2 protein chains.
Amino acid sequence: MIRTMSRTPLHPTREQIELPMVLDCLSDPIRLAIVYQLAQQERVSSELCCGDFSGLSGKSNLAYHFAKLRECGLMLTRVAGTNRFMRLRREDLEARFPGLLDAVLSSAAKDADRLQLLSECEVVKAD
Amino acid sequence: MIRTMSRTPLHPTREQIELPMVLDCLSDPIRLAIVYQLAQQERVSSELCCGDFSGLSGKSNLAYHFAKLRECGLMLTRVAGTNRFMRLRREDLEARFPGLLDAVLSSAAKDADRLQLLSECEVVKAD
DNA sequence: CCCTATGTTCAATGTTTATTGAACTATCGA
DNA sequence: TCGATAGTTCAATAAACATTGAACATAGGG
């Protein structure tokens, strides 16, 4: 029984993205924080890798949440060597659910303290 | 041990409304359909009672979902005799999370078929 | 070629969730 | 006062979910 590490993670097509799944994904505080952090970073590099989220939870738990975010269509994973780079599927989400992602993100920003989200400067990637 | 039926259901204050709870509430297809139906009805009467949702599920399951919607701050319940009238907490939601409810509702409207939501004419209250 | 770093997969655990039917409360009207 | 109507509460169940640690896969650098 060989266990392989998928080099081409599954992503739903734009049309396959479902509203309830997206909302459910965003309703988990850890996943919301991941999405928020990806959005913050967009202006700089648009991509982050798993290790950049180590403040949020343990590795295996993060992998679980990454999979959910991928499978519901919120983000895209690109494998590069031993790293996996992730970015938001902004255009696809905007096409399917106009205004939704931004409404969620700005709502989250308003409650950043309550949601224990990192402020922008804290998110800057270590080099 | 006396079981009472609360005449003044608990509602969170505006400030107590939390984003993850709201998103989680809206991520359930039945609750999303309830909220959608309430929004459709707003132009006509702004209130609906439990029986108006009997197409969505059984009575006790609906009561369960109504409680969740109330407790997360999405809707308000007013007791009147043997009926409970419900309406969306539009203003509170708009104040806490600007644009969010409308983004969800218009996203849901786009996917009305997929989400098996009733079209506007089907929602009109029976007399 | 081995060691390390990055991240995934699996199994096990305990918690939360949705759904059902039956029992119950409360109100209205005849 | 009796019955019908509207809706809640409870208990039980099965399914889904989040979290943990250990084992594994993969790639890169000495």
Side-chain angles (χ1 to χ4, degrees), chain A residues 1-11 18 20-34 47-72 75-87 116 125-127, chain B residues 1-11 18 20-35 47-72 75-86 116 125-127:
Chain A
M1 186 57 153
I2 296 175
R3 230 168 8 173
T4 50
M5 225 155 108
S6 77
R7 217 156 337 292
T8 53
L10 278 182
H11 297 87
E18 302 271 7
M21 282 181 162
V22 167
L23 294 175
D24 184 53
C25 246
L26 293 170
S27 76
D28 180 276
I30 291 186
R31 290 192 293 261
L32 183 57
I34 292 170
E47 283 187 324
L48 284 177
C49 66
C50 307
D52 296 319
F53 301 93
S54 59
L56 296 174
S57 185
K59 287 192 335 173
S60 67
N61 189 226
L62 284 177
Y64 165 74
H65 287 299
F66 292 149
K68 294 225 121 186
L69 286 165
R70 242 189 347 256
E71 286 159 15
C72 88
M75 69 180 208
L76 204 129
T77 301
R78 178 175 68 86
V79 179
T82 173
N83 288 298
R84 270 119 205 266
F85 290 101
M86 300 181 290
R87 65 171 185 276
Q116 298 187 288
K125 201 172 169 181
D127 58 339
Chain B
M1 187 60 154
I2 295 175
R3 232 170 5 176
T4 51
M5 225 156 105
S6 77
R7 218 158 339 292
T8 54
L10 278 182
H11 297 88
E18 303 271 7
M21 281 181 163
V22 167
L23 294 175
D24 185 53
C25 246
L26 293 169
S27 76
D28 180 275
I30 290 186
R31 290 193 293 262
L32 183 58
I34 292 170
V35 167
E47 284 186 324
L48 284 176
C49 65
C50 307
D52 296 319
F53 301 92
S54 58
L56 297 174
S57 186
K59 287 194 333 173
S60 67
N61 188 225
L62 284 177
Y64 165 75
H65 288 299
F66 293 148
K68 293 224 123 186
L69 287 164
R70 240 186 351 254
E71 286 159 14
C72 86
M75 69 182 209
L76 204 129
T77 303
R78 178 175 67 86
V79 179
T82 174
N83 288 299
R84 270 120 204 267
F85 290 101
M86 300 182 290
Q116 298 187 286
K125 202 173 169 182
D127 58 339

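None of the values given here were measured: they were computed from a predicted structure. Quick note on labels: first sequence line is chain A, next is B, and so on, each numbered from 1.
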Checking Arg84(B) against Arg70(B) for the side-chain contact (heavy atoms from CB on, under 4.5 Å) test, could you report, in this order, the C-alpha distance in whole Å, the side-chain angles of both residues, the deciding distance, and whether it holds?
CA-CA 12 Å; Arg84(B) 270 120 204 267; Arg70(B) 240 186 351 254; 5.5 Å; no
List the steps, then state whether side-chain contact (heavy atoms from CB on, under 4.5 Å) holds for Met86(B) with Thr77(B).
CA-CA 5 Å; Met86(B) 300 182 290; Thr77(B) 303; 3.9 Å; yes
Taking only distance into account, with no hydrogens and no angle test, what donor-acceptor pairs under 3.5 Å do side-chain atoms of residues 58-68 of chain B form with protein atoms, sequence neighbours excluded?
from     : atom 1 : to       : atom 2 : distance (Å)
Asn61(B) : OD1    : Ser57(B) : OG     : 2.8
His65(B) : ND1    : Arg31(B) : NH1    : 3.1

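If you find the closest nucleotide of DNA chain C to Gly58(B) and to Met5(B), the one lying nearer the 5' end belongs to Gly58(B). Between Asp24(A) and Leu62(A), the residue anchored closer to the 5' end of DNA chain D is Asp24(A), taking for each the nucleotide with the nearest heavy atom. Two residues, Arg70(B) and Ser60(A), neighbour DNA chain D, and the one matched to the more 5' nucleotide by heavy-atom proximity is Arg70(B).
Between the CG atom of Asn61(B) and the P atom of dA6(D) there is a distance of 19 Å, given to the nearest Å. Put simply, CZ on Phe66(B) is 14 Å from P on dA18(C), counting in whole angstrom units. To the nearest angstrom, P of dT16(C) lies 18 Å from CG of Asp28(B). In this structure, OH of Tyr64(A) is placed 12 Å from P of dA16(D), rounded to the nearest angstrom. The distance between atom NZ of Lys59(B) and atom P of dT20(C), rounded to the nearest whole Å, is 15 Å. For the pair Phe53(A) CZ and dT6(C) C1', the computed distance is 14 Å after rounding to whole Å. Separating the CZ atom of Phe85(B) from the C1' atom of dT8(D) is a distance of 17 Å, rounded to the nearest angstrom. Atom-to-atom, CD of Glu47(A) to P of dG7(C) comes out at 13 Å; the value is rounded to the nearest Å.
The shortest distance between the side-chain N/O atoms of Arg84(A) and the OP1/OP2 oxygens of dT26(D) is not below 4.0 Å. Here His65(B) reaches the OP1 or OP2 of dT19(C): one of its side-chain N or O atoms lies under 4.0 Å away. Between Asn83(A) and dA27(D) there is no side-chain N or O to OP1 or OP2 distance below 4.0 Å.
Under 3.5 Å, the side chain of Thr82(B) and the base of dT27(C) form no donor-acceptor pair of N or O atoms.
How far CG of Leu26(A) is from CD1 of Ile34(A): 11.0 Å, rounded to the nearest 0.5 Å. We find the CG-CG distance between Leu48(B) and Asn83(B) to be 11.5 Å, quoted to the nearest 0.5 Å.
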